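Just so you know, these numbers use all the heavy atoms, side chains as well, and skip hydrogens, waters and symmetry mates. Computed from a predicted structure; not experimentally measured.
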Amino acid sequence: QMYDPHRTSHPTAQSIFRHVCEPLFYTDYAGELYGLLAEDTIEYSEDGQRVAIRLRSDIYFHDGTLLDAQAVKSSFERLQHQGVSPLFNEFRNVQIDAHPDQQTVTFHLPAPDYEFVRLVLTNSYAAIVSPRTETSTAPGFVACTGPYQFVPEQYQPNHSLTLARVKTYYTPPHYFTNQGATHIPQLHFIFEADHDQRLNLLTSGEACVLSLNPEHVDEIANNQNFHLYDDVGGITYLGFNFQSPLWQDVRVRQAVALALNKEGFITSNAFRVADTPITTNATGYDAQVASHGYDYDPERSRKLLTETGFDNNEEMVLLIPESRTYRQLATIVQQQLSEVGIQQVRISEVPRSEILTTRQHFDLLLFDYAWESYTALSIFLGTGPRNLLNYPHQDITNYVNKARTTDDATLRQQYLYEAQRTVLEDVIWHPLILRHITTAVDSRCVTGERMAPDQVLVFHDAITTAANSQE
C-alpha cells in the first residue's frame, strides 16, 4: 500500500512505480549510459567528487509542475529525509546544488565516485518525485514524469491498482520506437495471492501478463497464444545474525555452509545453484570467485561443530518471509542441518515487508535479493537499514568504495573480486539458489511489449488487441 520510491523497498511496489516514475539516466541495450530526464553529458571534476548534469527542457510532472534543478534537489533531499530507500546510504553525505539557471544540478560526493551516475542515478529508486507530491497526491502515491500516472480513486487495497496513460508524456528514450505517449490507455494490476487463481486469470483472458510460478511454465509454454520472457531473478541465500556471539565464529558459519547440499534446493526448473554473492546479470559479476565458496561436505561440517563445542540441543530460529516456496526451502534447510546434528531449528515466518523494515529475532535468515549491481554488497553489508544480518565490519563496504573511486576498470574489478571472495570465504552469507523468472504475455490481449535493458517488461511501444481497448 505504498508506491512512493522514496518510502518503500518492496519489489512489487517497485515493479509498479517504475511505470510512473523516471530517474535522470538509463543504460541502453549495449550498456551505454544516456540521459532520460537529464541530457547525455556528464561532467566530473578532476578529483571525482563533483558531478554536474544538465536537465532536458520542457518536462513536466504529472501534477503540472515543471521539472527544474530545484525540483531535482528537493526530490533527493526528500529521499535523504525519509531514510527508507535502498539508496539511502548512497545519498547519506551527498550535497545537491541547484544552479540559478535551473537546468544544472551538481552533486557533491563525500569521496570520488566514478560510478555514481551509472549505479545510482539510473536506479528506479532514484526516480525524481514532484515537490508538490505531499500535498497534491493521495497517501502512498506520487507524481512523477513517467508514461503512466496513478489513479488513486480506482485503487482497491489488496485487490487492484490502475495506472492511466499520460497523454502529454515527453519523448521517451531513443531505444523505444514510439516517440510519444504510450498507446495503451491503462495498466490495471490485480493482486491475487493464490498461485492457481493467478494462472486462471491469465488463461481465461481476464489478465494479460503474469510472472509464472515454476509449476505453470511448461503448461503456458505449449500455448502459442503466449509470448514468454526469461530473466534472471534474485539469489536466495542463508545469512547469519552477527549480533549473536555464536555466529561471530567463522568456523560455525563454515560448518553450516558445508552441511547444505545446494542441489537439494533445486525444487523445479525455475532454480539453479548459486555459487557467487551477486547475480549473474549484475554489474561486477565474476564467475571465477565461486572457487572461494564451500561445497557440500557433511563430514567436515560435523568435525567443525565438534571443534567449536557447538551445542546441538540449543534452539535456533530460522527466519523466512511468508511464502509457500520459502516454507519448502526452510524445510530442506532443517533436514540437511539435522543430518550433521543440528536438530533444534525452528522456522519463524513473517511478512516480507517486516523483515525489510523491522528488526527480527533470528539466528539464521533465509532470504533473497535481486540487486542488479555490486552495490548490493555494500547495501546489505553496510551501515544502512538493509543490513539485515547486523554485519558489524566495514571490509566489504571498503572494497566496494575503492572500486567506485577509481576510473580504472581493471583495478575496479580486482577490488570487486576481493569483496566477493571475502563474502564467500568468511561465509558472511551463503548463496544457495538463483531464481529463473518467466513472464507470460497473452498476444491476444497485447502486442509490441518488450524487455527493457534492465530486464523489465515495458509497454512504451505496445498496443492492446483487446476488444474494449481499455486495459
Side-chain angles (χ1 to χ4, degrees), residues 3-8 17-18 20-27 33-137 141-147 149 166 168-173 375 384 404-405:
Y3 301 92
D4 183 335
H6 298 166
R7 299 171 65 188
T8 185
F17 75 61
R18 63 187 310 145
V20 175
C21 298
E22 297 172 315
L24 294 169
F25 292 87
Y26 72 96
T27 52
L33 188 65
Y34 289 98
L36 182 53
L37 302 180
E39 295 178 355
D40 294 344
T41 303
I42 304 164
E43 296 181 3
Y44 277 92
S45 62
E46 288 187 9
D47 63 3
Q49 289 189 241
R50 292 191 309 280
V51 184
I53 60 101
R54 282 186 57 82
L55 300 175
R56 291 163 60 198
S57 58
D58 299 324
I59 298 179
Y60 289 84
F61 293 100
H62 301 147
D63 59 14
T65 305
L66 177 68
L67 173 74
D68 60 16
Q70 184 58 45
V72 172
K73 173 182 170 68
S74 298
S75 183
F76 286 123
E77 288 178 344
R78 180 177 184 270
L79 182 154
Q80 292 171 322
H81 176 73
Q82 295 292 339
V84 175
S85 170
L87 297 179
F88 175 72
N89 263 7
E90 298 287 355
F91 285 95
R92 182 184 291 271
N93 296 308
V94 174
Q95 177 186 334
I96 305 103
D97 287 343
H99 291 227
D101 65 3
Q102 288 303 316
Q103 291 297 112
T104 307
V105 179
T106 299
F107 298 87
H108 300 269
L109 312 178
D113 187 355
Y114 293 96
E115 294 272 83
F116 182 74
V117 176
R118 178 178 297 276
L119 297 181
V120 180
L121 298 188
T122 62
N123 194 292
S124 59
Y125 286 103
I128 307 303
V129 172
S130 168
R132 293 173 53 200
T133 285
E134 305 300 343
T135 57
S136 64
T137 56
F141 298 109
V142 291
C144 293
T145 61
Q149 61 185 325
V166 178
T168 57
Y169 177 63
Y170 200 81
T171 307
T375 54
R404 296 175 63 167
T405 58

Nearest atoms (heavy-atom pairs only) where Val20 meets Cys144
O-CB, 3.3 Å
Under a 3.5 Å distance rule, please check whether Asn93 uses its side chain to pair with a backbone N or O of Pro110 as donor and acceptor.
no
Find the distance between CZ (Arg7) and CG (Leu79) and round it off to the nearest 0.5 Å.
12.0 Å
Going by heavy atoms in the side chains, are Ser130 and Val142 under 4.5 Å from each other?
no
Any Ile96 side-chain heavy atom under 4.5 Å of Val105 side chain:
yes
Backbone of Arg50 reached by a side-chain donor or acceptor of Ser45 within 3.5 Å
yes
Evaluate the side chain to side chain contact (heavy atoms under 4.5 Å, CB included) criterion for residues Thr375 and Glu90: first the C-alpha distance (whole Å), next the side-chain angles of each, then the deciding distance (0.1 Å), finally the verdict.
CA-CA 9 Å; Thr375 54; Glu90 298 287 355; 3.9 Å; yes
By side chain to side chain donor-acceptor pair (under 3.5 Å) - contacts of Ser75 (at least two apart)
none
Side chain to side chain donor-acceptor pair (under 3.5 Å) filter on Ser57, not counting sequence neighbours, yields none
Arg78 side, atom CZ; Thr133 side, atom OG1 - distance, nearest 0.5 Å:
5.5 Å
Quick one: are Tyr34 and Thr27 in side-chain contact, heavy atoms under 4.5 Å?
no
Taking only residues two or more places apart in sequence, or in another chain, which ones meet Gln102 in a side-chain contact (heavy atoms from CB on, under 4.5 Å)?
Asp68, Ala69, Gln70
Which atoms form the tightest heavy-atom contact between Pro86 and Thr8, and what is the distance?
CD-O, 3.8 Å
If you round to the nearest 0.5 Å, how far is NE2 of His6 from CD of Gln80?
10.0 Å
How would you list, by chain and number, every residue that makes a salt bridge (charged side-chain N to carboxylate O under 4.0 Å, His left out) with Asp101, sequence neighbours excluded?
Arg54
Could you check Asp97 against Thr104 for side chain to side chain contact (heavy atoms under 4.5 Å, CB included), going step by step and ending with a plain yes or no?
CA-CA 8 Å; Asp97 287 343; Thr104 307; over 6 Å; no
Tell me which pairs pass ring-ring contact (aromatic ring centres under 6.0 Å, His included) where either residue lies in residues 85-108, with sequence neighbours left out.
Phe76-Phe91, Phe76-Phe107, Phe91-Phe116, Phe107-Phe116
Residues that Glu77 engages under salt bridge (charged side-chain N to carboxylate O under 4.0 Å, His left out), provided they are two or more places apart:
Lys73
Shortest non-hydrogen separation from Ala143 to Asp63 and the atoms involved
CB-OD2, 3.9 Å
For Tyr3, enumerate each residue passing the side-chain contact (heavy atoms from CB on, under 4.5 Å) test, keeping only those at least two apart in sequence or located in another chain.
Ala13, Ile16, Phe141, Phe150, Tyr155, Leu161, Phe191
Name all pairs fulfilling the ring-ring contact (aromatic ring centres under 6.0 Å, His included) condition that reach into residues 38-74, sequence neighbours left out, sorted by first residue then second.
Tyr44-Tyr114
So, do Pro23 and Ile128 sit near enough that their side-chain heavy atoms are less than 4.5 Å apart?
no
To the nearest 0.5 Å, tell me how far Leu109 CG sits from Asp47 CG.
9.0 Å
Report the residues that fulfil side chain to side chain donor-acceptor pair (under 3.5 Å) with Arg92, sequence neighbours left out, ordered by chain and then residue number.
Asn89
d(Leu24 CG, Ile53 CD1) to nearest 0.5 Å is 5.0 Å
For residues 103-115, which residue pairs qualify under salt bridge (Lys or Arg N to Asp or Glu O under 4.0 Å), counting only residues two or more places apart or in two chains?
Asp113-Arg404, Glu115-Arg412
Taking atom types as modelled, is there a side-chain donor on Glu22 or Tyr170 under 3.5 Å from an acceptor on the other?
no
Going by the side chain to side chain donor-acceptor pair (under 3.5 Å) test, which pairs reach into residues 117-126, not counting sequence neighbours?
Gln14-Ser124
On a heavy-atom basis, the closest approach of Leu121 and Ala126 is CA-CB, 4.3 Å
Whether over 12 other heavy atoms sit under 6.0 Å from Glu43 CD:
no
Look up atom CG in Leu66 and atom CD1 in Ile59, then write down how far apart they are to the nearest 0.5 Å.
9.0 Å
